[in-house]
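Every heavy atom of this structure was used, including side-chain atoms; hydrogens, water molecules and symmetry mates were not. In listed order, ligands and their atoms are each counted from 1.
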Amino acid sequence: MITEAAVPTKRNKMPDWSAIRADFPILNQKVHGQPLIYFDNAATTQKPRAVVEALRRYYEHDNANVHRGIHELSNRATAAFEAARTRAAQFINARSTDEIIFTRGTTEGINLVAQAWGSKHIKAGDRILLTEMEHHSNIVPWQLLAERTGAELVYLPITGDIGLLDLSRLDECLTKPVKLLALTHISNSLGTINPVADLCARARQLGVTTLVDAAQSAGHRVIDVQEIGCDFLAFSGHKMCGPTGIGVLYGRQEVLEDMPPYQGGGEMILSVDFQRSTWKHAPHKFEAGTPDISGAVGLHAAMDYLDKVGRVTIAQHDQELGAYAYAQLSRLKQGIRLFGPHIGRAGLVSFLLKDIHAHDVVTVADQRGVALRGGHHCNQPLMRKLGVESTARASFFFYNTTAEIDRFVDVLGEIQKFFGAS
Ligand SMILES: Cc1ncc(COP(=O)(O)O)c(C=O)c1O
């Protein structure tokens with residue numbers, strides 16, 4: 001039976017959050033004369049000193065191109081780059097480092113699968129099953145593939161504002177012509193945590209290939225690709241304390257070996273002739289050109305940092321902040337419309353204040369030092385389904401506090417007064 005995502009029940013001993021917060025110098029500043037409250041973590045997270053320091057150290061001591069040189073610095077850069085791959089494999093419990101492809105982020109990871117795997121395995125009449133809560137990054141690459149091949153996209157519906165997947169519709173959606181199921185682990189607009197392991201197991205029974213978009217989950221909870229049982233999983237370093245421009249695509253080794261390259265160029269070849277080339281094994285055949293070496297070094301430091309804080313603890317704190325924010329917002333006297341599940345939600349809240357545009361909420365909140373996001377959050381089809389153009393969103397990370405949420409809720413009350421909302 002498919003159940004809702006498990007909420008951690010046993011409470012872990014919580015670390016000293018104020019000491020952890022001190023690792024993020026950027027948080028200690030005023031914006032428009034007010035203490036910064038950074039609630040835009042679903043867009044990108046802040047970076048701890050350990051990550052900034054790893055980047056500085058790399059550029060001051062080890063910088064060179066990888067895999068090509070025989071000199072000391074190139075060897076060091078190569079060792080650092082490959083150590084990051086080993087760390088990423090361990091971070092998500094991949095069976096082998098060969099299953100870790102470095103990408104620019106989640107978006108590139110999904111595009112890589114759509115192009116390299118999709119061009120070989122998808123043909124006219126096949127179906128690709130997505131869900132109505134997908135980010136554009138997990139829709140548009142499949143639309144491009146469908147246009148090229150004549151395949152069809154189908155969507156597992158959600159249950160309205162509560163924003164759970166409507167699992168009663170799974171059987172009718174996951175049928176024989178479906179060749180791929182691609183879905184998000186955590187919704188960036190709703191805060192829904194999807195039961196990805198159960199859904200991947202169902203897909204696997206039917207021989208359907210699976211991809212999990214872990215952009216919003218990789219930095220927020222323990223990810224175990226063997227437990228999830230997916231064929232692909234993509235995430236972005238910058239949403240988990242790492243630098244921008246680096247991400248990971250996990251692919252099951254047999255699936256990767258069976259795929260043609262994604263891009264051609266240096267680094268991915270075995271030999272090149274004027275007419276033909278041969279390429280390396282995975283993951284290198286998918287990494288054409290000079291990779292983001294410093295990004296991988298920074299991501300390595302980020303993964304170490306997250307594990308030092310403790311990912312089980314982070315998940316617990318996240319859910320506590322999400323639940324606290326949801327409860328506090330529900331108490332706002334004048335109208336508020338809240339999106340996403342009541343319980344078991346991730347650390348983010350999406351909402352609309354009655355008669356006030358989300359952009360106005362975000363603009364006035366910014367004047368009070370609170371960084372929110374307003375808009376469609378790259379979820380236009382989901383917004384249409386909900387019958388709205390946009391929402392305002394507050395998204396948390398482990399360095400945020402309930403005191404910040406209290407201040408944020410006060411600010412929303414002030415905004416309602418300011419706009420004279422009835
Ligand atoms: C659920 C989800 N998927 C994919 C992405 C795309 O991530 P990136 O822009 O880092 O490639 C995001 C970014 O917000 C996201 O929230």
### Query
Considering Asp213, Asn138, Asn379, Thr107, which one's heavy-atom position lies nearest to atom 3 (N) of ligand 1?
Asp213
### Summary
protein heavy-atom neighbour closest to atom 16 (O) of ligand 1 works out as Gln216 NE2, 2.7 Å
### Task
Identify the protein heavy atom lying closest to atom 13 (C) of ligand 1, giving its residue, its atom name and the separation to 0.1 Å.
Lys239 NZ, 2.7 Å
### Task
Specify whether Trp17 and His317 have parallel, tilted or perpendicular ring planes, treating 30° as the upper limit for parallel and 60° as the lower limit for perpendicular.
parallel
### Query
How are the rings of Phe81 and His67 set to each other: parallel, tilted or perpendicular (split at 30° and 60°)?
perpendicular
#### Entry: Thr184: numbered ligand 1 atoms lying under 4.0 Å from its heavy atoms
1 (C)
### Query
What about Phe24 and Tyr305, are their ring centers closer than 6.0 Å?
yes
### Summary
Atoms of ligand 1 under 4.0 Å from any heavy atom of Ala215, numbered from 1 in the order shown, are 2 (C), 3 (N), 4 (C), 5 (C), 12 (C), 15 (C)
### Message
So is His185 touching ligand 1 or not, going by heavy atoms under 4.0 Å?
### Response
no
### Task
Step through it carefully: locate the ring centre of His220, locate the ring centre of Phe398, and say whether they are under 6.0 Å apart.
no
### Task
Just need the protein heavy atom nearest to atom 15 (C) of ligand 1, so name the residue and atom and give the distance.
His135 CD2, 3.3 Å
### Message
Using 0.5 Å steps for rounding, measure from the CG atom of Leu27 to the CD atom of Gln46.
### Response
6.0 Å
### Query
Does some non-hydrogen atom of His136 fall short of 4.0 Å from ligand 1?
no
### Message
Closer than 4.0 Å to some heavy atom of Asn188 - which atoms of ligand 1 meet that?
### Response
1 (C), 16 (O)
### Query
Salt bridge or not for Glu404 and Arg407, using N-O below 4.0 Å?
no
### Query
Where do Met268 and Trp279 come nearest, in terms of heavy atoms and distance?
O-CB, 3.1 Å
#### Entry: Arg393 to Phe339 six-membered ring, cation-pi geometry met (6.0 Å, 45°)
no
## Note on the structure
So the atoms of ligand 1 within less than 4.0 Å of a heavy atom of Ser137 turn out to be 4 (C), 6 (C)
### Task
Please state which part of His238 comes within less than 4.0 Å of ligand 1, counting heavy atoms only: side chain, backbone, both or neither.
side chain
### Query
Just which atoms of ligand 1 are under 4.0 Å from any heavy atom in Ser236?
7 (O), 8 (P), 10 (O), 11 (O)
